[in-house]
Student: 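Attaching a single structure in structure tokens format; questions to follow.
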Amino acid sequence: MSRKVLHLDSNHLVIAEGLEQLGFQNEHDYTSTYEEVLEKIGDYEGLIIRSRIPIDPRLLAKAKNLKFIGRIGAGLENIDLLEAEKQGIFLAAAPEGNRNAVAEHTLGLLLSLFNKLNVADKEVRSGLWRREENRGLELDGRTIGIIGYGNMGRQFAKKLRGFDVDTICFDLKPNIGDEYARQVSIEELREQTDILSLHLPQTPDTIHLINSAFIDQMKKSFWLLNTGRGSAVKTEDLVSALKKGKIKGAGLDVLEYESKSFTNLFEHANKPEAFSYLINADNVILTPHVAGWSVESYYLLSKVVLDKIISLYTKKNR
């Protein structure tokens, strides 16, 4: 039987070409439903995904021949990691592949907020020339607090080196502070932060981490950036804090209303009231989950996953 890899989402050609060179037969299926994938998953040695189909215990139980899963991206909430590990399935994800894109996008959101670029652009296009109302702020002298100091958080801190800012970070892992950010306790982060940037995966511990209780414990009014997972922020509490001025503004590439496959947020006719507020708020900038979606990362995400799979098979053949 030929060794086959099933691709459930479209990706850069580099991964299919590389797998073919490894001796695999690539099959691309971007339309089958979960149930249809379930029926045929047992035929494949490899699976390449983004987030369209959940890789849950039911599917993994059918995947008797599966040796590896390539996740073209960083988030792993769509995969039952414990079950995959139990079955000895190798998982290749690619947080390294889009960390630079995420860091640059986060910085772009921050600078846009501070300089009111979204508002000023809209006003000039409509014939308004309001200079005083669009007076901006400077980053120098601010403290930027990063929660989640992995690939994305560290790269964002690295991008901040050209500014005269104090960058601090909080993470559950000890001793990960470096030349880009000083690791602090959550209490110190709440005490000092002017700008809070979230770079968190979705786990039971991170869902609604930023809620009214957390916001109220922040000493200063602050700016919020989220380019991690939308579920980390309770939107109703964010809106309440924006109305009160406790949060001065927000740059959001992700929202808790996204589906697991990060598809169109406007598919549902009735938008939540909190979401409607964000859409109309001048001190909020929204982007459609594209922080890690650059032209360059499109290639790098697939290349990183491919290299990890090549490394797996190279070790097996030694």
Side-chain angles (χ1 to χ4, degrees), residues 73-77 93-114 137-211 213-234 237-238 241 246-254 285 291-292 297:
L76 300 175
E77 63 267 25
E96 312 94 319
N98 63 355
R99 61 188 173 192
N100 190 68
V102 170
E104 290 191 7
H105 192 96
T106 308
L107 182 57
L109 288 173
L110 177 54
L111 293 174
S112 295
L113 281 169
F114 265 47
L137 299 169
E138 297 180 15
L139 287 184
D140 281 13
R142 316 268 179 176
T143 297
I144 299 179
I146 297 172
I147 298 184
Y149 203 63
N151 278 284
M152 313 303 175
R154 182 173 290 105
Q155 193 72 9
F156 177 50
K158 186 177 179 181
K159 296 294 179 189
L160 293 167
R161 288 181 302 170
F163 297 92
D164 186 13
V165 295
D166 183 21
T167 306
I168 58 178
C169 64
F170 171 78
D171 196 283
L172 294 178
K173 294 180 181 178
N175 305 315
I176 62 167
D178 54 20
E179 68 268 35
Y180 309 128
R182 175 170 52 90
Q183 188 169 9
V184 298
S185 66
I186 192 64
E187 290 78 18
E188 188 173 347
L189 182 132
R190 287 173 175 146
E191 179 83 12
Q192 298 185 16
T193 294
D194 298 299
I195 300 148
L196 181 64
S197 190
L198 307 179
H199 299 273
L200 294 165
Q202 181 172 306
T203 70
D205 293 331
T206 64
I207 293 175
H208 285 177
L209 174 69
I210 308 303
N211 55 23
F214 186 100
I215 293 166
D216 289 344
Q217 291 177 64
M218 296 288 285
K219 180 180 179 183
K220 308 176 188 177
S221 294
F222 64 99
W223 303 79
L224 178 68
L225 306 169
N226 189 10
T227 52
R229 285 293 180 260
S231 59
V233 178
K234 188 173 182 180
D237 293 356
L238 163 63
K246 180 67 179 189
I247 293 181
K248 296 180 178 180
L252 308 172
D253 183 53
V254 290
I285 296 179
S297 71

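Heads up: numbering here begins at 1 and tracks the sequence.
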Student: When you measure from the side chain of N211 to the backbone N and O of K234, does any donor-acceptor pair fall under 3.5 Å?
Tutor: no

Student: Going through the distances and angles, do F114 and I195 end up as a side-chain contact (heavy atoms from CB on, under 4.5 Å)?
Tutor: CA-CA 11 Å; F114 265 47; I195 300 148; 3.8 Å; yes

Student: Counting C-beta onward and ignoring hydrogens, is there a side-chain heavy-atom pair between L111 and L139 closer than 4.5 Å?
Tutor: yes

Student: Is there a donor-acceptor contact under 3.5 Å from the side chain of D194 to the main chain of T143?
Tutor: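 Indeed, once roles are kept as given, a pair shorter than 3.5 Å links the two residues.
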
Student: Would you say K219's side chain and Q192's backbone share a donor-acceptor pair under 3.5 angstrom?
Tutor: no

Student: I'd like to know if the side chain of S231 and the backbone of I207 have a donor-acceptor N/O pair within less than 3.5 Å.
Tutor: no

Student: So which atom in T106 and which in S197 form the shortest heavy-atom distance, rounded to 0.1 Å?
Tutor: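 Reported closest heavy-atom pair: CG2-OG, 3.5 Å.
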
Student: Would the distance check show the side chain of R190 and the main-chain N or O of E187 forming a donor-acceptor pair, the cut-off being under 3.5 Å?
Tutor: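 Checked: no pair found.
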
Student: Got L137 and R142 here, is their nearest side-chain heavy-atom distance under 4.5 Å?
Tutor: yes

Student: Any idea which heavy atoms bring L160 and V165 closest together, and the distance?
Tutor: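 The answer is O-CG2, 4.0 Å.
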
Student: Say you draw a straight line from CD of Q155 to CG of L107; how long is it, rounded to the nearest 0.5 Å?
Tutor: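 Here the interatomic distance stands at 11.5 Å.
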
Student: For the backbone of G292 and the side chain of S297, can you confirm whether one donor and one acceptor N or O come within less than 3.5 Å of each other?
Tutor: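 Checked: pair present.
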
Student: If every non-hydrogen atom of E188 is compared with every non-hydrogen atom of I168, which pair is closest and at what distance?
Tutor: O-CD1, 4.5 Å

Student: Check T206 against P201 and note the closest heavy-atom contact, atom names and distance.
Tutor: OG1-O, 2.9 Å

Student: If you count heavy atoms of other groups shown closer than 6.0 angstrom to CG of D140, is the number above 12?
Tutor: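 More than 12 within 6.0 Å, yes.
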
Student: With no hydrogens and no angle check, is any side-chain donor or acceptor of D178 less than 3.5 Å from a backbone partner on A181?
Tutor: yes

Student: Kindly indicate whether the side chain of F156, heavy atoms from C-beta on, has any atom under 4.5 Å from the side chain of L225.
Tutor: yes

Student: A quick test of your reading: do over 12 heavy atoms of other residues, nucleotides or ligands sit less than 6.0 Å from CD of E138?
Tutor: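 No, not enclosed.
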
Student: Is there a donor-acceptor pair under 3.5 Å between the side chain of K246 and the backbone N or O of M218?
Tutor: yes

Student: Taking A103's backbone N and O only, do any of them form a donor-acceptor pair with N100's side chain (distance below 3.5 Å, no angle check)?
Tutor: no

Student: For H199 and M152, which heavy atoms make the closest approach, and how far apart are they?
Tutor: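 Closest heavy-atom pair between H199 and M152: ND1-CB, 3.7 Å.
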
Student: To the closest 0.5 Å, what do you measure between CD1 (I247) and CH2 (W223)?
Tutor: 11.0 Å

Student: Any chance you could lay out the side-chain contact (heavy atoms from CB on, under 4.5 Å) test for I215 and L224, step after step, and finish with the verdict?
Tutor: CA-CA 10 Å; I215 293 166; L224 178 68; over 6 Å; no

Student: Can you find a heavy atom in the side chain of R229 that is under 4.5 Å from one in the side chain of L200?
Tutor: no

Student: Work out which heavy atom in A232 is nearest to a heavy atom in L198; give both atom names and the distance.
Tutor: CB-CD1, 4.3 Å

Student: Without swapping roles, check the side chain of N151 against the backbone of P95 for a donor-acceptor pair under 3.5 Å.
Tutor: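 Such a contact is absent between N151 side chain and P95 backbone.
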
Student: Supply the atom-to-atom distance F170 CZ to R182 CZ, rounded to the nearest 0.5 angstrom.
Tutor: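 Separation between the atoms: 14.5 Å.
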
Student: What distance do T193 atom OG1 and I144 atom CD1 have between them, rounded to the nearest 0.5 Å?
Tutor: 9.5 Å

Student: Roughly how far, to the nearest 0.5 Å, is CG of D237 from CZ of F214?
Tutor: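 Nearest 0.5 Å value for the CZ-CG distance: 12.5 Å.
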
Student: In Å and rounded to the nearest 0.5 Å, what is the CD1 to CG distance from I186 to L209?
Tutor: 7.0 Å

